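These notes are about the structure you will find just below.
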Amino acid sequence: MSVPVPHTAMVLAAGLGTRMRPLTDDCPKPLIKVRGKALIDRMLDPLVAAGVKRAVVNVHYLADQVEAHLKSRTDIEIIISDERGDVLETGGALAKARPLLGDDPILVANTDAFWEPAGPEPVEALADAFDPAAMDALLLVADTGRTLGFGGPGDFFRHEDGSMTRRGDAPSAPYAFCGLRLIRPQLYDNEPIERFSALRVWAPLIEQKRLHGVLLDRFWLHVGDPQALKDADMWLACHGG
C-alpha cells in the first residue's frame with residue numbers, strides 16, 4: 001500500500017546555524033547559498049516538483065529574512081509557523097505547528113542537505129513506500145559511502161522488512177538520515193509545545209517496528225559547516241549540479 005505525494009510539507013528553518021558561523025552571523029542558515037541557490041530552495045524545489053502544494057515553514061533566528069525570501073516563491077503556498085519567542089528543536093516545532101498540518105500524511109524536511117541529481121524522485125519514493133498500516137514514520141536514508149559532508153559513524157540499521165533501529169553502541173551503521181521523512185502528523189497530537197528532539201517520538205516507533213526507511217538512490221550532500229559548504233560548492237562545480 002502507498003499514499004499520494006502529500007500536499008503539505010513541514011520545512012524546518014528555525015535553527016541557529018551555530019556550526020555554520022561566521023557565515024550565519026547575519027544570514028540564517030536556510031538562506032546560505034550553494035552554487036548560487038539557497039539551501040531552502042534546494043529542498044523546496046523537489047518538493048514542488050513532486051506535487052507538494054503548501055509548506056509550513058517554522059522561523060526563529062533572523063526570521064524576517066527567511067520570510068522575505070519565501071515571499072518570492074509563487075509556486076507553493078507558504079504558511080509561517082512563528083517561533084520567534086521559542087527555541088523548540090525539531091520535535092517541539094512539529095508540536096507547535098500541529099494545527100496547521102491537517103490529518104493526512106505530511107512530509108517533514110530539513111534545510112541543510114540535498115541530493116544530486118536533483119529531482120522529485122526521492123520524494124515520490126517515500127510516498128510509494130509509505131504504508132500506514134505498517135508504519136507511522138518513513139525516513140529517507142543515504143548509504144554513508146555515498147555522502148559528502150557527513151562525517152559521523154551512521155545513524156541506522158535497516159532490516160529486511162524495512163524497519164530501522166538506531167546505531168546504539170555499535171561502532172558504525174550503514175545509513176544516515178537524509179533530513180526528509182513522511183509521517184502521520186497525529187504522532188504530535190499529545191506532545192507539549194516545548195523544546196525536544198524528534199528522537200523522543202521516534203524511540204517508541206522503533207520499538208514497535210513502525211519507523212521504516214527508504215534508501216536514497218543518489219548522492220547526498222550535507223552542508224553543516226563552512227568546510228562542508230566549500231566541499232559542496234566544489235562537488236557541484238565538478239558534477240554540473
Side-chain angles (χ1 to χ4, degrees), residues 3-18 28-30 39-40 43-44 46-48 50 52-63 66-67 70 76-114 122-123 126-127 129-132 135-141 155-156 164 166 176-208 210-214 222 224:
V3 298
V5 171
H7 282 184
T8 297
M10 175 86 188
V11 177
L12 302 170
L16 300 176
T18 53
K29 186 176 179 181
L39 282 167
I40 194 169
M43 180 52 72
L44 283 171
L47 293 177
V48 171
V52 175
K53 304 300 183 187
R54 61 196 293 267
V56 177
V57 183
N58 70 327
V59 296
H60 172 75
Y61 179 64
L62 300 176
V66 178
E67 288 196 60
L70 291 172
I76 186 170
E77 179 186 4
I78 301 292
I79 300 166
I80 298 297
S81 180
D82 194 332
E83 298 176 15
R84 281 175 173 83
D86 308 291
V87 177
L88 295 176
E89 295 191 28
T90 55
L94 281 155
K96 180 165 186 175
R98 177 67 187 95
L100 305 172
L101 301 176
D103 292 323
D104 293 329
I106 64 164
L107 292 154
V108 182
N110 295 353
T111 54
D112 59 359
F114 57 95
V123 184
L126 279 175
F130 189 76
D131 180 358
M135 60 193 76
D136 295 305
L138 180 64
L139 283 74
L140 188 66
V141 296
D155 301 318
F156 289 102
M164 294 197 303
R166 287 179 56 77
F177 173 49
C178 288
L180 182 68
R181 61 194 189 269
L182 199 160
I183 69 165
R184 294 177 61 254
Q186 290 84 355
L187 290 171
Y188 291 86
D189 281 354
N190 299 313
E191 292 292 340
I193 300 174
E194 63 184 19
R195 184 174 186 170
F196 71 95
S197 166
L199 293 174
R200 189 168 87 186
V201 173
W202 292 359
L205 300 185
I206 291 171
E207 291 182 5
Q208 300 159 15
R210 293 190 64 84
L211 184 139
H212 287 229
V214 166
H222 180 253

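Computed from a prediction, not measured in an experiment: that's the story for all the values here.
Taking all atoms of both residues into account, the shortest heavy-atom contact from Arg181 to Ala198 is NH2-CB, 3.8 Å. Counting all heavy atoms, side chain and backbone alike, Gly15 lies closest to Tyr61 at O-CB, 3.6 Å. Met164 approaches Ile206 most closely through the heavy-atom pair O-CG2, 3.6 Å. Of all heavy-atom pairs between Met135 and Arg210, the closest is O-NH2, 3.3 Å.
Annotation: side chain to side chain donor-acceptor pair (under 3.5 Å) contacts of Arg184 (sequence neighbours excluded): Asp136. For His212, there are no ring-ring contact (aromatic ring centres under 6.0 Å, His included) partners two or more places apart in sequence or in a different chain.
Ring-plane geometry between Trp202 and Phe156 is classed as tilted, the angle between the planes lying from 30 to 60 degrees on a 0 to 90 degree scale.
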Could you give the side-chain donor-acceptor pairs of residues 3-14 under 3.5 Å, partners two or more places apart or in another chain?
| unit_1 | atom_1 | unit_2 | atom_2 | d |
| --- | --- | --- | --- | --- |
| Thr8 | OG1 | Arg54 | NH1 | 2.9 |

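Expressed to the nearest 0.5 Å, how far CG of Leu211 lies from CZ of Arg166 amounts to 10.0 Å. Taking NZ of Lys29 as the reference point, atom CG of Leu39 lies at 7.5 Å (rounded to 0.5 Å). Rounded to the nearest 0.5 Å, atoms CD1 (Ile183) and CG (Leu205) are 9.5 Å apart. Within the model, atoms CG of Asn110 and CE of Met43 stand 7.0 Å from one another, a figure rounded to the nearest 0.5 Å.
A donor-acceptor pair is defined here as one N or O able to donate and one able to accept, closer than 3.5 Å; no such pair exists between the side chain of Arg195 and the backbone of Gly92.
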Stepwise side chain to side chain contact (heavy atoms under 4.5 Å, CB included) test for Leu70 and Ile40: CA-CA 9 Å; Leu70 291 172; Ile40 194 169; 3.9 Å; yes
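Counting heavy atoms of neighbouring residues, nucleotides and ligands inside a 6.0 Å radius, atom CG of Asn190 does not exceed 12 of them.
A salt bridge links Arg200 to Glu194: at least one charged side-chain nitrogen sits closer than 4.0 Å to a carboxylate oxygen.
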